[in-house]
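See below for the structure under consideration.
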Amino acid sequence: MIDLKHLREDPEHYKKGAARKHARVDIDRVVELDARKRELMTKRESLKAEQNTLSKESGPKIGQLAGRIKKAVGAEASRLQAEMDELKAGPARLKSEIEGLESELAGLEPELEKLLLMIPQPPDPDVPDGPGSEGNVEIRRWSPPGFDPSKPFAGQKGFVAKSHTELGEVHGLMDFERGVKLSGSRSYVLTGDGFRLHQAVLRYAFDQIVAQGFTPVSAPSIVREKAMVGTGFFPAGREQTYEVGIHEANDAGERAWEADGYLTGTGEVGLMGFHMDEILDEDDLPIKLCTLSPCYRREAGAAGKDTAGLYRVHYFEKVEQVVICKADEGESRQWHRKMITYVESLLQSLNLPYRLLQCCAGDLGQKNADMIDVECWMPSRGEVDKDGVPAGDWGETHSASRLYDFQCRRLNLRYRAGGANGKGATTFCHSLNNTVLASPRFLIPLIEMNQNADGSITIPEVLRPYMNGQERIG
RNA sequence: GGAGAGGUGGCGGAGCGGUUGAACGCGCCGGAUUCGAAAUCCGGUAUGGCCUUCGGGUCAUCGGGGGUUCGAAUCCCCCCCUCUCCGCCA
């Protein structure tokens, strides 16, 4: 949610922001509706004030009269009744006027509300413009000694890389056929060491981020609509989300469907929704939370894209981190950089080549002011040559977002300056979130980069404690 | 799933159609007293919106949303949540 007051003062800022994100929202209409709404409110309130004054004045009198009317008879009763009717007439006249204004207000509020929820957070000035993910700009890259992603895999390793799906089949790590049988497209089954490696790397990442001072939180992954709207995933991302609910027969005896929950596509929803509608103490900030949660995504609109393998699936598990901090741009930016360094050290400890991308305005979601993606090198991706050997390519594994107070406004998540007993004003917090590790997508670089000439897979040293000391697969 | 009870300020707890934005108690803040503290006494102590000549004014909010009424914390309807008992169950 953007700051309506700020939009009123500087609508151009939000128009430009929306244009940079290629979002179509009618800012002028918002300004118009807002102005009209305030005009109506001011009128209604002064009428209400008048009505309240009158009511306070005549109220007790009406009460007394009512009592006397009960006891009175004949002409006395009708005289008192007339007196009471006159007293009632004053506030009653105001009532119809107020009702008129209120019905007009009720008419425009849903439209205003709907538009407000769709206005994107403007990208920061230092975020480059661009059409979409193809406009993202590489910031830096890292590779372990002895491997350079810009050179062919075979030339460096002495053998042609197998894809994770090939390796998976050889070692019985995953089963796509049965996954589809069970669950349809983009489904998979992890088996044997595949499942173990999946759990090992998630648990390793989880332990690493907990060691960085993040509080582990296991929050629900079926949430109410309010949490989806609050975290900024609804209404825009509704078609990406699975609904859960109960089938009941309606009055006509038909099977009626009512959604009463939504499967979250990221642990971010549970972590940020955790403090929804709260006023935190300034002393308690920053709040650093992490989770390991199931993630469900419809992948609507991605038909035909990345259909093979573990890259784009409907269900996965993810270790996620969020930071809720003071409304200070400097602090916010500092946490953004810090979260990325956690990921970098994680990837370095696993010896996986990666690069950082500054996402361009066109690739930012509605809620982000800034986003840094991390991509790992995946030998099975990229263009395929005449011998059928893929060139390898970067694939997104992480995404770190900086949101200012956009999300906390929606969540109504504030803090009070001056600590627990302080008398300071309340302010919306800033929020940030980042992937720590998402699997099974992460198994792609993990398996493919650790494969050996004989087809075996070396388990990185840091993961061995999570694999009962096992050093290799195959 | 069945039956019942209930949701009021930071907390406890009154009120159940009109000077109630809400008694009283606790907590918290400021002051007095004190060498200092405890105790005591006095005062203060919600959030959000709109307007503002920046002094303030005003509206809304007693789980949420509608309704009745000149007037609703109080009456009616729908929803959400909590608790108790029974049933079922990883």
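FYI, side chains are in, hydrogens and waters are out, and symmetry mates aren't considered; it's all heavy atoms of this structure.
Taking only side-chain atoms of A:Arg38, from C-beta outward, the nucleotide of B:U69, B:C59, B:C50 with the closest atom is B:C50. In this structure, the nucleotide among B:G71, B:U58, B:U47 sitting nearest to the side chain of A:Gln51 is B:G71. Which of B:C59, B:C80, B:C50 sits closest to the side chain of A:Arg224 comes down to B:C80.
Computed from coordinates, the A:Glu99 CD to B:G71 C1' distance equals 13 Å when rounded to whole Å. Following rounding to the nearest Å, A:Arg409 (CZ) and B:U47 (C1') show an atom-to-atom distance of 16 Å. Rounded to whole angstrom, the span from the CD1 atom of A:Ile279 across to the P atom of B:C11 amounts to 11 Å. Between the C1' atom of B:C51 and the CE atom of A:Met41 lies a distance of 10 Å, rounded to the nearest Å. At whole-Å resolution of the value, CG in A:Asp277 and P in B:G48 are 13 Å apart. Protein atom NZ of A:Lys226 is 12 Å distant from nucleotide atom P of B:C81, rounded to whole Å. Between the NZ atom of A:Lys5 and the P atom of B:C51 there is a distance of 9 Å, given to the nearest Å. Distance, A:Glu102 CD to B:C50 C1': 14 Å, rounded to whole Å.
Comparing the P positions of B:G21 and B:C16 gives an interatomic distance of 15 Å, to the nearest angstrom. Taking atom C1' on both nucleotides, B:A73 is separated from B:G63 by 12 Å, rounded to a whole Å. Taking atom P on both nucleotides, B:C75 is separated from B:A5 by 15 Å, rounded to a whole Å. To the nearest whole angstrom, the two P atoms, one in B:A38 and one in B:C29, are 11 Å apart. Taking the C1' atom of each, B:U68 and B:G55 are spaced 41 Å apart, rounded to whole Å. The same atom, C1', is picked in B:C62 and in B:G15; the two are 11 Å apart, to the nearest Å. Taking atom P in both B:C24 and B:U45, one finds a spacing of 13 Å when rounded to whole Å. Rounded to whole Å, the separation between the P atoms of B:G66 and B:G30 comes to 41 Å.
OP1 or OP2 of B:G71 sits under 4.0 Å from a side-chain N or O of A:Lys95. The side chain of A:Lys48 places an N or O atom within less than 4.0 Å of a non-bridging phosphate oxygen (OP1 or OP2) of B:A60. Between A:Arg414 and the phosphate of B:G48, there is a side-chain N or O to OP1/OP2 separation shorter than 4.0 Å. Within the structure, every side-chain polar atom (N or O) of A:Asn52 is placed at least 4.0 Å from both OP1 and OP2 of B:G71. Between A:Asn412 and B:G48 there is no side-chain polar atom (N or O) within less than 4.0 angstrom of OP1 or OP2. For B:U47, one of the phosphate oxygens OP1 or OP2 lies less than 4.0 angstrom from a side-chain nitrogen or oxygen of A:Arg416. Residue A:Thr42 has no polar side-chain atom (N or O) positioned under 4.0 Å from OP1 or OP2 of B:U58.
In this structure, a donor-acceptor pair under 3.5 Å is present between the side chains of A:Gln470 and A:Asp193. A donor and an acceptor atom, one from each side chain of A:Tyr466 and A:Gln199, are nowhere located under 3.5 Å apart. Checked by atom type, the side-chain pair A:Lys318/A:Thr266 shows a donor-acceptor distance below 3.5 Å.
Note that OH of A:Tyr242 is 4.0 Å distant from NE2 of A:His314, once rounded to the nearest 0.5 Å.
In this structure, A:Arg402 forms a cation-pi arrangement with A:Tyr404, its terminal cationic atom sitting closer than 6.0 Å to the ring centre and no more than 45° off the ring axis.
The base-pairing partner of B:C24, taking Watson-Crick or G-U wobble contacts with both distances under 3.5 Å, is B:G12. Across all strands shown, B:U19 forms no Watson-Crick or G-U wobble pair with both key distances under 3.5 Å. Across all strands shown, the partner of B:G30 is B:C42, judged by Watson-Crick or G-U wobble contacts whose two distances both fall under 3.5 Å. The base-pairing partner of B:A5, taking Watson-Crick or G-U wobble contacts with both distances under 3.5 Å, is B:U82. Pairing for B:U74 is absent, with no Watson-Crick or G-U wobble pair whose two atom distances lie under 3.5 Å. When Watson-Crick and G-U wobble pairs are counted only if both distances are under 3.5 Å, B:C50 pairs with B:G57.
Using a 4.0 Å heavy-atom criterion, one finds that A:Arg36 contacts no nucleic acid atom at all.
Classification of the A:Tyr296-A:Tyr315 ring pair by plane angle, with boundaries at 30° and 60°, yields tilted.
Both A:Arg44 and A:Asp34 lie close to RNA chain B; mapped to their nearest nucleotides by heavy-atom distance, the more 5′-ward contact belongs to A:Asp34.
Glycosidic conformation at B:G55 (O4'-C1'-N9-C4 for purines, O4'-C1'-N1-C2 for pyrimidines): syn, within 90° of 0.
Between A:Glu331 and A:Lys338 there is no salt bridge, since no side-chain nitrogen of the basic residue lies less than 4.0 Å from a carboxylate oxygen of the acidic one. Between A:Lys367 and A:Glu268 there is a salt bridge, with a side-chain nitrogen of the basic residue lying less than 4.0 Å from a carboxylate oxygen of the acidic one.
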